[in-house]
Number of protein chains: 2
Amino acid sequence: MSRKEQPLIDYINRIVELSEEEEQILLSGIKTRRYLKGQYILQQGDVCSVSAFVLKGCTKTFYLDDQGQEHVIMFSIEDWWTSDLASFITQTPSDFNVQCLENTEVVLFPYETHDKLLEEVPILERFFRKIIERALVASQKRVVRNLSMSARDRYLYFRKQYPLIEQRVPQYLIASYLGITKEFLSKIKSQLIQEQ
Amino acid sequence: MSRKEQPLIDYINRIVELSEEEEQILLSGIKTRRYLKGQYILQQGDVCSVSAFVLKGCTKTFYLDDQGQEHVIMFSIEDWWTSDLASFITQTPSDFNVQCLENTEVVLFPYETHDKLLEEVPILERFFRKIIERALVASQKRVVRNLSMSARDRYLYFRKQYPLIEQRVPQYLIASYLGITKEFLSKIKSQLIQEQ
DNA sequence: CACTCATGTTAATCTAGTTTAACTTCATTT
DNA sequence: AAATGAAGTTAAACTAGATTAACATGAGTG
């Protein structure tokens with residue numbers, strides 16, 4: 001029960017139910033790995049060969065555009081998935097980088113064993129469908145927010161939705177996530193303080 | 001072979017392979033329906049009870065914000081899916097409206113028969129997973145575009161990616177889809193013409 | 001034919017957010 | 001204790017895009 005993969009098992013069991021035996025098969029098909037702060041789990045241009053579940057630590061997923069500008073797509077902390085699902089699913093080169101913002105420990109689902117795992121534990125097919133569905137819902141809602149909310153409102157939403165992340169991640173990365181400059185986020189924050 | 005649902009069967013067969021028998025079961029679980037221009041397939045606040053495949057016509061999916069402003073999320077034409085997947089999947093009230101921009105004929109997948117259909121034709125489970133995966137990839141790429149591209153570049157991308165839609169849909173709705181005002185899109189277009 | 005009504009254009013003014021650049025804070029290294 | 005460097009702040013000048021409003025076009029329709 002004190003195995004380090006337990007948070008992953010718990011996470012999966014909140015969505016589908018695994019038998020003891022299925023848990024064992026699952027555990028045999030995955031690995032845990034530690035990364036140091038600054039290390040990359042995935043680099044832009046590489047095919048995403050693993051889907052990762054964060055046991056401890058924090059990562060950022062970002063994208064470098066033609067001008068070399070960094071755009072943060074998401075952060076991941078304990079109990080979150082991180083990977084470029086698009087690249088993982090289609091096994092095509094990734095648009096994204098995943099880099100650790102802290103020393104980070106993850107469970108890795110390698111793509112090679114993924115199909116085999118789904119065959120041996122078919123209930124995982126439903127599990128993966130469900131997490132992809134959730135990711136889709138979240139992504140669609142983000143499109144809507146970006147289209148219909150001001151920078152200030154997006155920040156307030158972020159702060160409310162992810163209070164733990166705001167405390168762990170430097171402000172200039174949050175600005176990037178929100179699609180604004182760090183200077184403007186600083187201005188928004190000082191306005192919010194003024195107003196009270 | 002000249003049944004009107006054929007485009008749907010073809011679409012599915014491009015992703016998974018259905019036997020004759022599976023096709024028959026599928027056909028018995030779906031309905032086709034016509035809508036007139038202006039009619040709604042789905043209204044904001046209702047639970048999305050059907051997933052729709054467009055046989056003929058054109059729809060817009062949009063969202064009304066607190067100020068009553070309309071934000072177009074997507075257009076769908078022949079051979080596209082249209083529905084609020086988030087609402088359909090989770091059976092919670094939808095954030096979106098789906099309205100027909102032309103007289104439109106669709107195939108409807110009712111949610112009630114959805115589970116039964118998946119049981120009887122298990123290969124459809126994979127089919128739905130794949131189309132959700134595609135939707136996720138598309139949605140994530142759109143987030144990136146909205147964060148990293150100017151309005152002008154988003155328009156050029158749209159024009160290149162969806163030339164057929166541009167011809168069928170009024171310009172002010174395209175502006176809304178791009179997240180800009182119709183006046184600004186008009187300005188962008190006249191600038192593009194000037195430059196040549 | 002004249003009259004709507006929906007769509008698109010142009011131009012002036014305005015504002016949310018960017019850019020640039022100088023300065024502050026604070027933790028880490030030497 | 002000085003020095004370096006990463007993170008954050010402030011403020012002035014600037015720009016992409018919004019707003020407002022007047023006008024243009026064109027396809028129905030009475």
Side-chain angles (χ1 to χ4, degrees), chain A residues 36-39 58 60 62 65-72 75 99-103 143 145-159 165-196, chain B residues 36-39 58-60 62 64-72 75 99-103 143 145-159 165-196:
Chain A
L36 295 174
K37 177 173 175 175
Q39 285 190 306
C58 181
K60 71 171 174 190
F62 67 101
D65 69 20
D66 312 330
Q67 287 93 48
Q69 276 254 299
E70 174 175 329
H71 301 275
V72 174
F75 303 104
Q99 189 183 18
C100 298
L101 297 175
E102 305 172 1
N103 294 341
V143 168
R145 288 199 303 277
N146 286 342
L147 286 177
S148 65
M149 287 167 68
S150 66
R152 177 200 167 102
D153 289 346
R154 272 177 282 147
Y155 170 60
L156 289 172
Y157 178 88
F158 176 82
R159 206 166 66 166
I165 292 178
E166 203 198 356
Q167 286 159 29
R168 276 166 92 159
V169 166
Q171 194 169 305
Y172 72 93
L173 291 178
I174 293 171
S176 172
Y177 173 87
L178 295 172
I180 60 179
T181 58
K182 58 192 184 348
E183 292 84 357
F184 192 54
L185 178 54
S186 184
K187 196 172 176 179
I188 289 170
K189 287 183 82 166
S190 76
Q191 281 172 356
L192 288 171
I193 290 164
Q194 216 91 30
E195 284 168 22
Q196 288 183 358
Chain B
L36 295 175
K37 177 176 176 174
Q39 285 189 306
C58 182
T59 70
K60 70 172 174 191
F62 67 101
L64 292 176
D65 69 21
D66 311 332
Q67 286 94 47
Q69 276 254 296
E70 174 175 330
H71 300 275
V72 174
F75 302 104
Q99 189 182 19
C100 298
L101 297 175
E102 305 171 359
N103 294 340
V143 169
R145 287 200 303 277
N146 287 341
L147 287 176
S148 64
M149 286 166 70
S150 66
R152 177 200 166 104
D153 288 346
R154 273 177 280 146
Y155 170 60
L156 289 172
Y157 178 87
F158 175 82
R159 207 166 65 167
I165 291 177
E166 204 197 356
Q167 286 160 29
R168 275 166 93 160
V169 166
Q171 194 169 305
Y172 71 92
L173 290 178
I174 293 170
S176 172
Y177 172 87
L178 295 172
I180 60 179
T181 59
K182 57 192 182 356
E183 291 85 357
F184 191 55
L185 178 54
S186 184
K187 197 172 175 178
I188 289 170
K189 288 183 81 167
S190 76
Q191 280 172 356
L192 288 171
I193 290 164
Q194 217 91 32
E195 283 169 21
Q196 288 183 1

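If you're wondering where the values come from, they're calculated on a predicted model, not measured in any experiment.
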Given atom CD of Gln67(A) and atom C1' of dT19(C), what is their separation to the nearest angstrom? 15 Å
Pairs flagged by salt bridge (charged side-chain N to carboxylate O under 4.0 Å, His left out) wherever residues 165-178 of chain B is involved - sequence neighbours left out: Glu78(B)-Arg168(B), Glu102(B)-Arg168(B)
Base versus backbone protein contacts along nucleotides 25-30 of chain D [heavy-atom cut-off under 4.0 Å; B, S, -]: ------
For dA16(C), does either OP1 or OP2 sit under 4.0 Å from a side-chain N or O belonging to Ser150(A)? no
So CD of Glu70(A) and OG of Ser148(B): to nearest 0.5 Å the spacing works out to 12.5 Å
Measure CZ/Arg152(A) against P/dT15(C) and give the value in whole Å, please. 16 Å
In whole angstroms, how far is the P atom of dA18(D) from the CD atom of Gln69(B)? 10 Å
Can you find a heavy atom in the side chain of Leu173(A) that is under 4.5 Å from one in the side chain of Lys60(A)? yes
Let me know the distance between CG of Leu178(B) and C1' of dA16(D), rounded to the nearest Å. 15 Å
Taking all heavy atoms of Phe62(A) and all of Val72(A), pick out the closest pair and write down the distance. CB-CA, 3.9 Å
Can you name the nearest heavy-atom pair linking Gln99(B) to Gly38(B), along with the distance? NE2-O, 2.9 Å
The reported gap from CG in Leu178(B) to CZ in Phe158(B) (rounded to nearest 0.5 angstrom) is 6.5 Å
Let me know the distance between CD1 of Ile180(A) and P of dT15(D), rounded to the nearest Å. 21 Å
His71(A) NE2 - dT18(C) C1' separation (whole Å): 13 Å
Write down the distance between CG (Leu101(B)) and C1' (dA6(C)), rounded to a whole number of angstrom. 14 Å
Is the side chain of Asn103(A) donor-acceptor paired with the backbone N or O of Leu36(A) at a distance under 3.5 Å, no angle test? no
Taking the side chain as everything from C-beta on, heavy atoms only, tell me whether Asn146(B) gets closer than 4.5 Å to Val143(B). no
From Arg154(A) CZ over to Arg145(A) CZ, what is the distance, rounded to the nearest 0.5 angstrom? 9.5 Å
Arg152(B): what forms a salt bridge (charged side-chain N to carboxylate O under 4.0 Å, His left out) with it, not counting sequence neighbours? Glu195(B)
Between protein and nucleic acid, restricted to nucleotides 7-10 of chain C and to nitrogen or oxygen atoms under 3.5 Å apart, what atom pairs and distances do you find?
{"from": "dT7(C)", "atom 1": "OP2", "to": "Tyr172(B)", "atom 2": "OH", "distance (Å)": "2.8"}
{"from": "dG8(C)", "atom 1": "OP1", "to": "Gln171(B)", "atom 2": "N", "distance (Å)": "3.0"}
{"from": "dG8(C)", "atom 1": "OP2", "to": "Gln171(B)", "atom 2": "N", "distance (Å)": "2.8"}
{"from": "dG8(C)", "atom 1": "OP2", "to": "Tyr172(B)", "atom 2": "N", "distance (Å)": "3.1"}
{"from": "dT9(C)", "atom 1": "OP2", "to": "Gln171(B)", "atom 2": "NE2", "distance (Å)": "2.7"}
{"from": "dT9(C)", "atom 1": "OP2", "to": "Ser186(B)", "atom 2": "OG", "distance (Å)": "2.9"}
{"from": "dT9(C)", "atom 1": "O5'", "to": "Ser186(B)", "atom 2": "OG", "distance (Å)": "3.3"}

Nucleotide N/O of nucleotides 23-27 of chain C paired with protein N/O under 3.5 Å:
none

dA11(C) P sits how many Å from Gln191(B) CD, rounded? 12 Å
Show every donor-acceptor pair shorter than 3.5 Å between a side-chain atom in residues 179-193 of chain B and any protein atom, with sequence neighbours excluded, or say none if there are none.
{"from": "Thr181(B)", "atom 1": "OG1", "to": "Phe184(B)", "atom 2": "N", "distance (Å)": "3.2"}
{"from": "Lys189(B)", "atom 1": "NZ", "to": "Gln171(B)", "atom 2": "OE1", "distance (Å)": "3.0"}
{"from": "Ser190(B)", "atom 1": "OG", "to": "Lys187(B)", "atom 2": "O", "distance (Å)": "3.1"}

